[in-house]
Amino acid sequence: MDRIASVLLEFPPVGAQLEGAQYNQAAVQHAKNVEKLLSSQELHNYAHQLIDHVHPTDHTISYLGLLVAAHDAGRLTPEDLLTKITTFACTFDSRQIRYFGKHFSAVLGWISSGTLFPASVAVELLTTALLRLDPSGSMFTSHHLALVKLAYTTDNIDAALPILEKDIVFYPSGKKFADSRPPCDPDVPPVGYITVESGLTQKVSSSDVMQYDLLRGLAFIQRRAWRAAFEALERVVTYPVKDSHACSKIMVEAHNKWILVGLLLNGHAPALPPTTSPGPAKAYTTLSKPYLALARAFEERTPDNLRAEFDAVPANVWTEENNLSLVRLVIRHYQRWQILNMRHVYTKIPLSQIRARTQSAETGAPLATDAEVEDLVGQMIQEGMLRGVVEHPDNGEPYLRFLDEAEGSSSRSSAGAESGEKDGEGTMTEAEFAARMAEAAQRIKGLEPLVRAANERLGKTKEYIRFLVKEQKEKERAERGAAAGQEYVDSFMAQVEDEDLMMGVASKY
Amino acid sequence: MDNNLLRFFTLMDGQGYPVVKEAPRFDLDMYIGNYKGRTRFDRLILIGRSCVPLCIDALKAAIVDAKKGRDIQRYKEAVDCLQIAAPLEPEAVLDQAWINQKEAENKDITNRLLTELKGYKNNLIKESIRMGHEDMGKHLEATGDLNLAAESFMKMRPDVSTTKQYIDVAKHLVRVSIHRREWSMVTAHLSKLQGTAQLTDDEEKQLSAYMRIAHGIAYLGQEKYLDAALSFLEADNVAPTVYNEIASPNDVAIYGGLLALAFMNRSELQTKVLDNVKFREFLELEPNIRRAVSQFVSGRYSACISTLEAYRTDCLLDIYLQRHVKTIFQQIRNKCIVQYLIPFSRVSLDTMAKAFGSPDQPIEDELADMIKAGTLQAKIDLIDRLVVTMSANQRAHMQNMALKTAKVYERQAIDRLNRMGLVAAELDIRPLTAKFSAMRGMMTQQGDRMNEQLENVV
């Protein structure tokens, strides 16, 4: 037992500050040692006792080893086990863990299985652990999918938001990632250490990635965060597809929801982004027909077509595609958008006129009383969808006054900030404008490390190196050619030969 | 309106003809006297179908006109109409004897022409063959078989030897295409006439006038209004006989004037319409159009609109203009309203209603439509009953644009990074291998079949 303890406390050595390659070497060795111990029966016998003597942050690798051993041996009381797992997830050292990824994944697997912890705690633990592993949140792992599945199915989205709101741009690759720096280097981007090889994530497939974004979209829909949902779904809709015919079912599903969310967010049908691959774009036009028709009808002046399009599809189709409630919401929001669009036309309008000019898509008729209109308008103002005031003059009927941007910003309720930026026309002060521009610039600057990491990563791919070699050869040939002019022309002609001379490439010379 | 007429016009309304309750300002006989050829019947029956007061007169005239020719189908068509509208009129009974006689005659002539043509072809005399085809085409046109007529005229082409003949072929084809409402064909045939050489000045002038007018009508049919206006405005005033198979000089004045008024700005109207020496001659025939244009140019918008309103009935009874009257008049109205509002920052709705109002549509609704469509930069205040014109706030626009651009840039950068990440990790969806493609081919077929079934069900 003493021997075990000494091995466990060997790393990191007390007093000595290891850096760079030394640290790397020692950590690799230590991870190997602990791995060896794990295969012995001895460790399993004592793990539950030893674990209390090892600090989870200082000796993360050892602590994790003991935790796995104790779990496998089943010697800890359930209560103790949960405490230990919690302590580990909240305090592990993000540098050491890079050397013991396999077991880290195992522990996250226990948590996300949903059997050990109540779901709300599990979601929180996973979120904390993943953010400790990669504070930038820009890297996708197999745990992300598990997290969003758990959060969405058990309705614990709030706790997972810190992860769900991050923009993911890196994905674990099956290929070996050649980085000259050791994984412990603080400058290594997450894509450098979160690899299948290190065990911090499992191999992911394209459908995992799409599922993750689709579920994120659904989670945001549940929170009625339309803009976030729209952006998440758009990532699936524009997922890169090289095949000009293929389209994933997940993409079609996302596209359907994307249209509906787009209607709720903008009041009109969204246009496919230019980055959409041609295969899916074709598939959408045929497979999403009822939704596209619904979107077209939404923009019309009367709700008759909207109702007709809704009724034209058997109700069970909406239900089977899990869109019934969303479609219902779209129909309920039809009148709201009718009222909202009036802000482009009117500055003040009596409530009775609103009643006469807009119809509810649920009943296909105007609202019954002015009071109902006032309720609806009041609701819209409160939710921040509409910027306006309902005025009750002493002698006359109540009316709605639309506020423009400048007036509106002060009375804007924080709850309604969700509905996104309005295209109001008010002028900001110079200082306010400068501040908002600076904020935007800051956000763009924040992307710099991501760009650098992507650049480094792509710079090391086989394809790029092959391209560089080719370029180098071309250059050498050109230099040789410059020395002997005729040779250059020859080499150029030789190069052009393959191309279509009708295009006139050669004629320029 | 008696019951028969009522039934007739309900039927016509259902077929998409406008129902005009007022009598037009022209006299039917004089009006139709301006035209020659098939267009006479087309115009008469259109008036019969659309105009309540002139219905019976026009239909009777149409029957008379049809009986002069040899097109049995249109005779039946006119009688059918009259039978519903006024079954008691003597003309409302089909003249079976005439029909039988004409049928036999038509058959004879067709056969005779065919034999002749065969003979010409055997003799290989180009000129005779051309004439044979021309006669055949004219005969088929007269009997109402426009499709075959066009074919016959086309067959004249290879045997044309003089410029005059070349022009004749094109004119035949243009006429038939106009009757068939094939506007793009009209343009195509006209374009063949462009740059025809070896003409005297006079001929040149006549041809260009014909082309401009035919072009204008074709553009109008294709809803290219501004092109149509320009085409009419450049027409020379030549003898109406040159083009009376398609339009009259009065028509040219109305088409050109109205379209220009709807789709040109004030300075263009001044230079291209009022100061246009060629077009002035046409305008003199329709002094009211001229007045409307000058009223618009001098800023008397409500006067301009009321002058034009008097023309609405006539326009609704015009064979080419009918379908476009609503668009064109609305466009003119919108332009007047926009121009009217330019000098003001706010105008009371009641003043607007006095200037432009009509009993059937309150002015605020029309303004709201215009604002929604983006033709008018203004907002309406229904409480204080004001129209407030909005000057574009350049500064706010710039600020919003800048912020939006930054936002879009950020989103795009993330999107591109994401794509690169996916491709670098080889997670993009790639084409399947050959074996799988074959399998997928089968599956797609099945999928198509399922789609069809689904569509049938839906």
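Lettering of chains follows the sequences in order, A, B, ..., and the numbering in each one begins at 1.
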Name each donor-acceptor pair under 3.5 Å that joins a side chain in residues 230-240 of chain A to protein atoms two or more places apart or in another chain, with its distance.
unit_1: A:E231; atom_1: OE1; unit_2: B:R411; atom_2: NH1; d: 3.3
unit_1: A:E234; atom_1: OE1; unit_2: A:W258; atom_2: NE1; d: 3.2
unit_1: A:R235; atom_1: NE; unit_2: A:D213; atom_2: OD1; d: 3.4
unit_1: A:R235; atom_1: NE; unit_2: A:D213; atom_2: OD2; d: 3.2
unit_1: A:R235; atom_1: NH1; unit_2: A:I168; atom_2: O; d: 3.4
unit_1: A:R235; atom_1: NH2; unit_2: A:I168; atom_2: O; d: 2.7
unit_1: A:R235; atom_1: NH2; unit_2: A:Y171; atom_2: OH; d: 3.1
unit_1: A:R235; atom_1: NH2; unit_2: B:N418; atom_2: OD1; d: 3.2
unit_1: A:T238; atom_1: OG1; unit_2: A:E234; atom_2: O; d: 2.9
unit_1: A:Y239; atom_1: OH; unit_2: B:L427; atom_2: O; d: 2.8

Pick from A:L458, A:T275, A:V209, A:I349 with the largest number of heavy-atom pairs that fall under 4.5 Å of chain B: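 Maximum pair count with chain B is reached by A:T275.
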
Heavy-atom pair count under 4.5 Å with chain B, highest-scoring of A:M210, A:R357, A:E439, A:E397: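 Heavy-atom pair counts peak at A:R357.
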
Test side-chain contact (heavy atoms from CB on, under 4.5 Å) applied to A:Y346 and B:L382, step by step: CA-CA 7 Å; A:Y346 300 101; B:L382 280 181; 3.9 Å; yes

Take a 6.0 Å sphere around [atom1] of [X] and say whether it holds more than 12 heavy atoms from other residues, nucleotides or ligands.
| X | atom1 | value |
| --- | --- | --- |
| B:K354 | NZ | no |
| B:R181 | CZ | yes |
| B:Q15 | CD | yes |

Pairing residues for A:T276 by the side chain to side chain donor-acceptor pair (under 3.5 Å) criterion, not counting sequence neighbours: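 A:T276: no side chain to side chain donor-acceptor pair (under 3.5 Å) contacts found.
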
Smallest separation among heavy atoms of B:A425 and A:P172, with atom names: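 Heavy atoms of B:A425 and A:P172 come nearest at CB-O, 3.7 Å.
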
Derivation and outcome, side-chain contact (heavy atoms from CB on, under 4.5 Å), residues A:V169 and B:M420: CA-CA 8 Å; A:V169 293; B:M420 277 194 267; over 6 Å; no

Within-4.5 Å side-chain heavy-atom neighbours: A:M437 and B:L403: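 Side chain of A:M437 against side chain of B:L403, heavy atoms only: contact under 4.5 Å found.
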
Validation row: A:P350, B:I383 side chains within 4.5 angstrom (heavy atoms):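 Result yes, sub-4.5 Å side-chain heavy-atom pair found.
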
Under 3.5 Å: donor-acceptor pair, side chain of B:K379, backbone of A:K348: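 Flag not set: sc B:K379 to bb A:K348 has no pair under 3.5 Å.
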
Roughly how far apart are [X] [atom1] and [Y] [atom2], rounded to 0.5 Å?
| X | Y | atom1 | atom2 | result |
| --- | --- | --- | --- | --- |
| B:I371 | A:M342 | CD1 | CE | 12.0 Å |
| B:I414 | A:D167 | CD1 | CG | 4.0 Å |
| A:M251 | B:I429 | CE | CD1 | 5.5 Å |
| A:E430 | B:Q399 | CD | CD | 6.0 Å |

Contact origin within A:V204 toward chain B - heavy atom pairs under 4.5 Å: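 Contact with chain B: backbone and side chain both.
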
